[in-house]
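Residues: numbered from 1 along the sequence shown.
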Amino acid sequence: MRTLVLLLLFVTCLAGRAQSVDSLLTEFKKASTDTGRIRQLNQLTDFYTGDKNDSAKYFNQKALDIVTKNHLEKYAFEVYYYKAQIERLESKYDRAHVTLLYASRIARLNGNDTQEAKVLRLAGTVYDAQNMEKEAIESYLKALQMCTLNKNKKGLLASNMALGLYFKKHNEATNGLKYFLAANKLAEELKDSSDLFTCIINLGTLYEVTNDKQKALGFYKRALLLNEKDNDDNGTAISTFKLGRLYYALGKRDSARYYLNQTLQLHMKNKQERGLIFDYAYLGTNYDEEGNLQKAYENWNMALMLGKKYSDSGRVHMVYSYMASAELKREKYQRAMELYQLSMDWAPVTISNETMAVLYKKMAAASAKLGQYKQAYEYMSLCKLFSDSSRNVSDIKKQTEMKMSYEFNEVQEKLMAEAEAKENESRAKIEKQHQQRNLLIIGLIILGLFFALAVRSYRIKRKAHALLELQKQEIERQRRMMEEKNNEILDSIRYAKKIQQSLLPTDKYIGKFIKRS
């Protein structure tokens, strides 16, 4: 009956995902421009990436076809970025690097440092997958440096988180804590609850690894409060599981069982069957510690059923190991041996040498109790072999960690030197710009003075010219007045002369008068 319920929940989950895809496809059909179609295709690609890569590749290729056909390379950054992500997930690392070069070129063409930093972070992930630690660190640090220079807080948050996850993966807790604490501060400042949760939960894990369980507990509780506030069931399930497991390690069984049951309820509510495997496994172990073997087996059997359903060999191996240890503790050696053998049959290839050594040691003890001394000796020999191998691996791991620390410091020094050189170059450019600006200002001042003098001289000349014109006009007026006066005088003289001439006797009359006398 329980299996049927879980199956129905799983189908409902698939239906919910189908509705999400339908809404994205509807938005794609509504898009009226090529850029809008590219954006919707990118969202569909992102939706399927990591889950159904074939579908992701299909939508990514559709977006790439639009870009190529319509020469929209300027808008193709996300297209190439998602293409590189898919290639990374398919372990096509060389192709991923080539695709990232295209994305980087577009980022530079757009003058977008945020996109360039995004490329560097993904390149770091690809290098990490290729076990190229130095190149991975260098890419992550370059992204961090670029975001620092551009004061891009979101990019700084993403870069610090990428470095934190890298060092956590490589078991370098100190560096992991350093970058996650920096990321946590930025997430609080940006009020980004999703990234803040990622930082808090990873800080809790790292403090748990370093055996600072009280600090780990504090971070897990913070993560739980954050997700309960945001009504995020998935984040809440992660937080309650971490709390349950930590309380189990601290020997607080009631608290452990409470939080593990909370996790189980949330996983059932959200149809997350894979998560239920761990829930049932740890609940079984908790009940076993309390002496309730019946409840322990109920939970372990549920974990086995789901583990086998999903072919999760690691978790099936883990559950059989828990069951075998429970039987060994109760001195049921034959049953313990059968369960240990099942555990070995399901052991994944990635199982650690330390775990194998512990299992063979327990099998040797059970065989000895059963009187199977030859078998016990063989198991002890295998235990020693894996134990020695484990020590060698541990030594190699320490050497690798030292080498990585050296290379990390070397890369940091190199990048710091590059940053200092760039800063000096930038300072020199700024100084040169200041000098050019000062020279320009001085030149403009001198030019302004010349212009002022020229304007003043022009105004003086113009004033003198106007005065001269007035003087000329006055002289002309005086000349005209004199001419008019002269003309008047001449006219008066002429008029008087005419009067005189009219009054005087004519020459003829005078001559006649003289003759008479």
Item checked: Closest non-hydrogen atom pair between V319 and A303, with its separation -> CG2-CB, 3.8 Å

Next item on the list: Using atom types as modelled and distance alone, determine if a side-chain donor or acceptor of D46 lies under 3.5 Å from a backbone N or O of N42.
Entry: no

Checklist line | For T285 against W300, the heavy-atom pair lying closest together | finding: N-NE1, 3.4 Å

Next item on the list: Using the six-membered ring wherever Trp is involved, compare the ring planes of Y282 and Y248 and label them parallel, tilted or perpendicular (cut-offs 30° and 60°).
Entry: perpendicular

Checklist line | Six-ring centre of Y81, K118 cation under 6.0 angstrom, axis tolerance 45° | finding: yes

Checklist line | T33 and R37: CA distance, side-chain angles, deciding distance, side-chain hydrogen bond (donor to acceptor under 3.5 Å, both in side chains) verdict | finding: CA-CA 6 Å; T33 62; R37 291 186 191 95; over 6 Å; no

Notebook entry, point to check: Can you tell me if T45 uses its side chain to pair, donor with acceptor, with the backbone of N60 under 3.5 Å?
Noted result: yes

Notebook entry, point to check: What distance separates L382 CG from K361 NZ, expressed to the nearest 0.5 Å?
Noted result: 14.5 Å

Item checked: Heavy-atom pair of closest approach, residues T198 and F180 -> O-CE2, 4.4 Å

Next item on the list: Before giving the answer on side chain to side chain contact (heavy atoms under 4.5 Å, CB included), spell out for F241 and Y259 the whole-Å C-alpha distance, their side-chain angles and the decisive distance to 0.1 Å.
Entry: CA-CA 6 Å; F241 177 77; Y259 282 111; over 6 Å; no

Next item on the list: Using a strict cut-off of less than 4.0 Å between a Lys/Arg side-chain nitrogen and an Asp/Glu carboxylate oxygen, indicate whether E208 and R245 qualify as a salt bridge.
Entry: yes

Next item on the list: Determine, stepwise, if the pair E73 / R108 fulfils salt bridge (Lys or Arg N to Asp or Glu O under 4.0 Å).
Entry: CA-CA 12 Å; E73 283 77 13; R108 286 196 295 271; over 6 Å; no

Note to self: I'd like to know if the side chain of S139 and the backbone of E135 have a donor-acceptor N/O pair within less than 3.5 Å.
What the structure shows: yes

Next item on the list: Taking N261 for its side chain and R257 for its backbone only, find out whether a donor-acceptor pair lies under 3.5 Å.
Entry: yes

Check: Under the 3.5 angstrom rule, does the side chain of N152 hit a backbone N or O of G155 as a donor-acceptor pair?
Finding: yes

Checklist line | Residue pair A256 / G244: nearest heavy atoms and the distance that separates them | finding: CB-O, 3.3 Å

Item checked: Nearest-0.5 Å distance, OG1 of residue T240 to NE2 of residue H267 -> 7.0 Å

Notebook entry, point to check: Would you call R39 and E78 a salt bridge, using N to O less than 4.0 angstrom?
Noted result: no

Checklist line | K154 atom NZ: more than 12 heavy-atom contacts under 6.0 Å | finding: no

Check: Taking it one step at a time, do D230 and F197 satisfy side chain to side chain contact (heavy atoms under 4.5 Å, CB included)?
Finding: CA-CA 11 Å; D230 292 343; F197 167 70; over 6 Å; no

Check: Hey, what do you get for CG (N70) to CG (D65), rounding to the nearest 0.5 Å?
Finding: 10.5 Å

Notebook entry, point to check: So M302 and D279, side chain to side chain contact (heavy atoms under 4.5 Å, CB included) or not? Walk me through it.
Noted result: CA-CA 10 Å; M302 285 299 299; D279 302 339; over 6 Å; no

Check: For L157 and M161, what are the C-alpha separation, side-chain angles and deciding distance, and is it a side chain to side chain contact (heavy atoms under 4.5 Å, CB included)?
Finding: CA-CA 6 Å; L157 171 58; M161 282 175 63; 3.9 Å; yes

Item checked: Centroid separation Y166 to H170 less than 6.0 Å -> yes

Margin query: Within the structure provided, determine whether L163 and N175 are in side-chain contact (heavy-atom separation under 4.5 Å).
Written below: no

Margin query: Let's go through K57 and E90 carefully: what are the C-alpha distance in whole Å and the side-chain angles of both, what is the deciding distance for salt bridge (Lys or Arg N to Asp or Glu O under 4.0 Å) to 0.1 Å, and is it a yes or a no?
Written below: CA-CA 11 Å; K57 282 169 74 175; E90 292 179 338; 3.3 Å; yes

Item checked: Heavy-atom donor-acceptor pair, D192 side chain to S194 backbone, under 3.5 Å -> yes

Notebook entry, point to check: Honestly, is R121 close enough over Y140, meaning NZ or CZ under 6.0 Å from the six-membered ring centre and within 45° of the axis?
Noted result: no

Note to self: With a 6.0 Å cut-off (strictly less than), is the heavy-atom count around NZ of K213, excluding the residue itself, greater than 12?
What the structure shows: yes

Note to self: One pair to check against salt bridge (Lys or Arg N to Asp or Glu O under 4.0 Å): E87 and K83. What are the steps and the verdict?
What the structure shows: CA-CA 6 Å; E87 287 166 346; K83 187 174 187 290; 2.9 Å; yes

Notebook entry, point to check: Has Y75 got more than 12 heavy atoms of other residues, nucleotides or ligands less than 6.0 Å from its OH?
Noted result: no

Check: Of all heavy-atom pairs between L122 and A84, which one has the smallest distance, and what is that distance?
Finding: CD2-CB, 4.0 Å

Check: When rounded to the nearest 0.5 angstrom, what distance separates OH in Y48 from OG in S55?
Finding: 5.0 Å

Notebook entry, point to check: Can you tell me how far the OG1 atom of T49 sits from the CG atom of L89, to the nearest 0.5 Å?
Noted result: 7.0 Å

Check: At their closest point, which heavy atom of L306 faces which heavy atom of E273, and how far apart are they?
Finding: CD1-O, 3.9 Å

Next item on the list: Determine whether Y220 and T205 make a side-chain contact, defined as any pair of heavy atoms from C-beta on separated by less than 4.5 Å.
Entry: yes

